[in-house]
Amino acid sequence: MSTARSAAAGTTGPFDVVGDRVLVGVQVVDISRLSTHPVPVTTQGLVTVAGQGPKDSNGAGKSSFIAALSLLHADEQWRLASGASGAAELLFTAELAAQESRWSNVDRGYLIGVFAMPGATSAEELADDTVTVWLRINRKAPYIDLRWHDGLYVPYGESESDRAGRADEMWRSLPRSNGRTDFHANQLSKVLFGQHARCVSFLSTSVRSSPTANLLAQPLNDLAPQRIFDAIATLTGLDRELDHEQVLRSAEHRHRTTVLDAEKDLADWERDMAVVEAGIARRIKARELLDEARQAWRSRCARHLLDGVEQAHHLRSRLNTLSESIDEIRAEIQGVDDQLAALSDDDGAVRRFDAARKARQELLGRDRELDAGHQAATQNLERLTTRLRELTDAARTTDGRDVETARAEEAEAKTALEEAIAAHGVAKAAEAQARTGIAAAEAGDDVATEQRERLREAGVPAAALVDVVEVAPDERDSWEPRLTPYRHAVVVARADAERARAALADLPGSVVVMAEPAGDEPAADDAATADGATETPATFDLSAFLAAVAQRSGEQAVVDGEAGVLVVGGFTEPITGRASRVAAAESEHRARVAAVEDARAALDTARAALDTAESRTRAARAAEEADAVRSEIAELREANEQRQARRDELAPKLAEAEDVYARELGVRDSRDERIAGLRQTRKRLEHTLSEREAEMFRLTEERDAIGLLDREKAWGDTPEAAEQHLSELGDEQSRTTAEWDEYACRLTNEVAVGCFPPSTPNDEMTAELRELLVTQNWHGGSLETRVGLVQPLQRALRAHLDDTEEHDQHQRQQITEQRTRRSNDLSAARLGLAEAEQTARAHRTSLASGIKAMLTKVGAEFDRLDQEYGGYGAGLDFPEPEPPAEPDKPWRWTVTPKWRRAEGQRMSAYTLRSNTAQMDEKAVKLVCAAALARGGDRPLLLILDELGRNLGKQHRREAVALFERIGNDHNITVVGALQDDMERYAIEASGLYVKLRRRSDTMAYNEEPVIVGDDANRARVQLLRDWLTSYRPGDVAQLGG
Amino acid sequence: MTATTDGQHPVFGPVLSELNERHRDEVLTAFAAVEHGRDPVPEAQLAALRDATLRRHLRRLLDRVGRTLVQVGNGHWTSGYADDVAARLSAEGWQPLPAIDRAVLVLVLVHSVAIPRSQGLLSGDSWTSAHPTSADELVRYAQLPRGEIRPALQRLRAAGLVQSAPWRGRGPDTGTAYLPGPALNRLTPSARQRLEHQLILAAAPESPLAASIRAKQAASEHTDGDR
């Protein structure tokens, strides 16, 4: 069928290939586990698809089958614009079929739809106007390739493998749809159906690729009003109108962008040009100013020259005056020098002064010498006088003796003293002996001491005889002589006599008296006493001895009459008994002490005599010395008197010398003073001279600095001409040079600033100007610096301004031209925008009324359908939205469905909560209403997986009936997949019943489906089935022929 | 892309939910094309680039990830970093290229774009060019370590910042030559302008052009300060 293709071929290639045809048959190859048998499809009314899997209805591929139908009708849910990648999931996958051990995955499958005119009732009519659409589904992108064939062109064969095996070859023999390639998913809707919506589907989760809503895919109240409008617009074809509006707005937007760009461009350009124009304007002004500045400078040069002339004249007269004054000062200095020389050369005065000074000093020396001698003598005299006084005092104790006599007396006294000392010593020794005697008597050690010591050592008891015997005082005269020969005897016991003799063997002369053993007879006392000599109460009994002695004694002094021994008695002290012996010793000691006292007195007397003699000797010597000192004092006094006389002689000479000296000194000082005064004067004069000379130098310099020649050169004429020029100036002639300088500098600076504003980068200036303005620091320099630069700067600026003049003119012209042109461009763009806006607005206005009309129509149909099929009336709310503020903002319409919940109630919006069944019912009615409102020329396919999923028994029956009736009444085909329990409601209501079958899980593919038409359709189903299976390639040749 | 439980993408969801099925697909397709395509995409190929309304949506989508739509020439589009995002990234020190790579890139740009443009051979403000820069020339005249230039060129090429020039029309003796790469198309107009200004300021700081650029920069800083 080439008409549809050629209709749009002129513009964008094939378009709306299927057109008004409806699907009459479908055949799939390697799609899920569906078999390759052709399935005839009826139009209008309800088509139910049931399944018989190994256990229940599941697993027979119902969902895949209806998904294939929706893909064949280019349902947008497949995301066709992005390539419909979800379609690949329809391909046979071994793992999903649990057949991976026997079969491998396929990487492409075919979906073949046969579209014919709905009115065709015979095989010939069908064949006349048929188009067979092949969709090849690929595992990888592009997921869908589209080809088609005019007339019937389906895989054929007796067995599954025949049909499946031919598919690839038949595909290859089809021509490529899009020149060198095939059309893909994104072109599917356009090429096949001319962008008309032919299908609204609710696909179950396994193949549903997008959660994005359409009216059937989601509960109605989950959808936003805007979404509902989108859905209705798609169904009614309004979307294309809206797309057109969007295209117009795009154009408007493009124009607006152009205008904005042009405006921005112009603004940028104007900003840039403003800078350029400002520069040009500044330079024009600068040119005018420059002339004025040059005039000012010329006048300044004239004034400067005249000033110089005057100044030079003045300086000259001052220099002359100075020169004269310098000469005068020089003459004065000469006079002072002469006086100084005269004073400094006076030798006679110097000599006189020296002689006077020398004479005075000599006399002074002599006087001082005499004075010193006198002083020394006086001191000596004082010392000697003191000494004399001391000596005189010492000489007073001589007692009239001279030195000789005194010395003789002293020697005598010494001898007497020595003798006294010796006598004293003898007396002291005697006294000591007597004291020893006392001690011995007291200790009993005065008789036979040695013997008793020996006996004690030998352990023999012994005692002195005199101690043992005591004599009564009246018997002393008779007994003392008798005992005298035994005075030194010791008494021992008779038993000890032998031991005593042995102990005393080496002491010859020892006398031992043997005594009787004592102690037993105290009556012995009586015996002794009877005789007058008694023993001491001791241990010895001497009664035998005493009796023998008494017996031998005779008369008077005869003690031994027989032997004739006589002993003289008369002892002053008793010789027997210890007490009597101690008394005798003490008496002797007393006599010795008295002798010592006498000797000491004699000694003291001798010492006093010696002292006296010695002091007399010393006094005699002092008297001799005092005489010597006295004579020395006399000598010294005489010498002093002589010296004093000599000094007195000297005094008048000295006074004279002092007078001479004082006079000469005065003369000298006054001369020195005069010389200093003269020197001072000279210095002052020299200073004045140098000042004058410096002044002269300065004035000379000043005169030279005026630079009259340069000034004349700058002026360029004679001073007379300058005077002439200034006199012509009027008021300005009173200006001083400084005022002229400032004026000229200010004008020149204005010109410079006009040419180069302060912020100008240095690189923009010419080298000459850069040198003057930047390097020489014109802007920051002092007035003096600037004055020096004025002339060259004016010259350089003149050159610069002349150079730029032509260029400036050219640029101004250019700017004017450009401005006109750009403004024109902008206004043209604005015009375009206005037109585009107008177009878009006009289109929008008409489109708005069109949309409103269409929505009104949909609302009416919705109401009608609702009331017709068990509702209480429904409608739509669709406020017209404001046109978008920006052309690229969407123009957003909304639709709010509403319906009555009960008879006579007000309509309430769909968002009000309601039961799901009611929502689904209204959604189906709305979809149908939209389809009907479009005009009914295009058939519509409603695809519902899990038909009546939420409905109760009664509702299910009603829903199925509703679909059947709506489908039959209008040009709508409802395809529904059924659950098992729906089957019995469905079979009676559906026009076509398709049952997909697979008995066992071990089968990879389904068996041949059962396809049954109801009474009205049975014949047509049979016709279609026969026609579809009858295809053989030869037919193509026949048909093509 | 991960989806949240209510089926919306956290970043793109708010933009995409306003669109219907078809427009959504078109916008996403264009998004992928401009983001991942090596070269700018002709608007004739994609409705979302052609249509101003969809382009607005696409721009919003890119904006969510800090990118923006960049028009290249007439009717071609690509994406690049938005100016403010780029400014912030560079302020935070984000710099994927080492110094040597940047130096080599600048040399290629100078040879292939700046010099031909100053000779009047190139017009417009694009940074792409058909004037190849010979690698030998780079190695011979650049004051860069020689051994590092070729690796840097390879890295730049991988990043799309340079591309090797086609052999067509060149003499037999010339070695490998490079052109600025397609990634430079991703520069926004202001980025292109900034780059050009930088190059002028670096290459001819004394030119009147540089003076006017400096004046403009000072003026814009001034107005920024006023604000």
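Just so you know, these numbers come straight off a predicted model, no measurement behind them. Residue numbering restarts at 1 for every chain, and letters A, B, ... go by the order of the sequence lines. Only heavy atoms go into these numbers, but all of them, side chains included; no hydrogens, no water, no symmetry mates.
Within the 4.5 Å cutoff, no side-chain heavy atoms of A:H253 are placed close to those of B:D51.
The part of B:R50 that comes within reach of chain A is its backbone (N, CA, C, O), which places non-hydrogen atoms under 4.5 angstrom from that chain. With a threshold of 4.5 angstrom between heavy atoms, A:R892 approaches chain B through side-chain atoms but not through N, CA, C or O. Interface residue A:Q226: only side-chain heavy atoms are found under 4.5 Å from chain B.
Counting non-hydrogen atoms of other residues, nucleotides and ligands closer than 6.0 Å to CD of A:E270 gives a total above 12. Dense packing is recorded around NE2 of B:H36, with more than 12 heavy atoms of other residues, nucleotides or ligands lying under 6.0 Å away. Crowding of B:R88 atom CZ: a count of heavy atoms from other residues, nucleotides or ligands under 6.0 Å not exceeding 12. Within 6.0 Å of atom CZ in B:R102, more than 12 heavy atoms from other residues, nucleotides or ligands are found, so the atom counts as buried in its surroundings.
Within the model, atoms CZ of A:R249 and CZ of B:R56 stand 10.0 Å from one another, a figure rounded to the nearest 0.5 Å.
A pairwise comparison of heavy atoms in B:A52 and A:S250 identifies N-OG, 2.6 Å as the closest pair. Closest approach of B:T53 and A:K889 over heavy atoms only: CG2-C, 3.8 Å.
Chain B forms the most heavy-atom pairs under 4.5 Å with one residue out of A:D243, A:V247, A:N186, and that residue is A:D243.
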